[in-house]
Amino acid sequence: MESYSNKVMEHFKNPRNVGEMEKPDGIGHVGNPVCGDIMELYIRVKDNIITDAKFKTFGCGAAIATSSMVTELVKGKNLEEALKLTNQAVVDALDGLPKVKLHCSVLAEQALKRAIDDYLKKTTGKGLGLPETDPDHHEACEHELPEELK
Ligand code: FES
């Protein structure tokens, strides 16, 4: 069995930027009821730059480590750069994840995209046109998102 990198373990044990943000500019909420993981990501945006990011994740270690890393990586980025941040970039920054846990990193990417989408909808009235649900993660977990998590 593949093991976790030291960085994954470190971010899992000491996650950065944990907690709710007061009056965030954007919130991204994604969930996976089959494995029980729910991720909420908050962003603060000023002059098109993400100045702060926080998260709350109820779930597996890989989901917590990727949430932690994604909040670290987006701080200081402008929205265009942040939207280009892939789950693979997050995984690379953590020195990799076991293959069976790669889908957990998709959750982090989707939470970030949804937070940016939320911000754009609130400020410009026009979001990114994301689908109602996120097919990639659901395919990996073979389930549909229940109504209350949408
Ligand atoms: Fe970690 Fe599904 S088991 S997000």
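Note that the coordinates shown come from a computational prediction; the quantities given were computed from them, not determined experimentally. First listed ligand is number 1; within each ligand, the first listed atom is number 1.
Note: angle at atom 1 (Fe) of ligand 1, from SG of Cys60 to OD2 of Asp37, is 90° (rounded to 10 degrees).
Salt-bridge annotation for Asp118 and Lys122: present, with a side-chain N of the basic residue lying under 4.0 Å from a carboxylate O of the acidic one.
Within the structure, salt bridge (charged side-chain N to carboxylate O under 4.0 Å, His left out) contacts touching residues 95-113 (residues at least two apart or in different chains) are Glu109-Lys113.
In summary, the side chains of Glu80 and Asn48 do present a donor paired with an acceptor at a separation below 3.5 Å, with no hydrogens or angles considered.
Ligand 1 is approached by Lys101 to a heavy-atom distance shorter than 4.0 Å.
Atom 1 (Fe) of ligand 1 lies at 2.8 Å or more from every N, O or S atom belonging to His103.
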Which side-chain N or O atoms in residues 54-66 pair as donor and acceptor under 3.5 Å with protein atoms at least two apart or in another chain?
unit_1 : atom_1 : unit_2 : atom_2 : d
Lys56  : NZ     : Glu20  : OE2    : 2.5
Thr57  : OG1    : Ser67  : OG     : 2.8
Thr66  : OG1    : Ala62  : O      : 2.7
Thr66  : OG1    : Ala63  : O      : 3.1

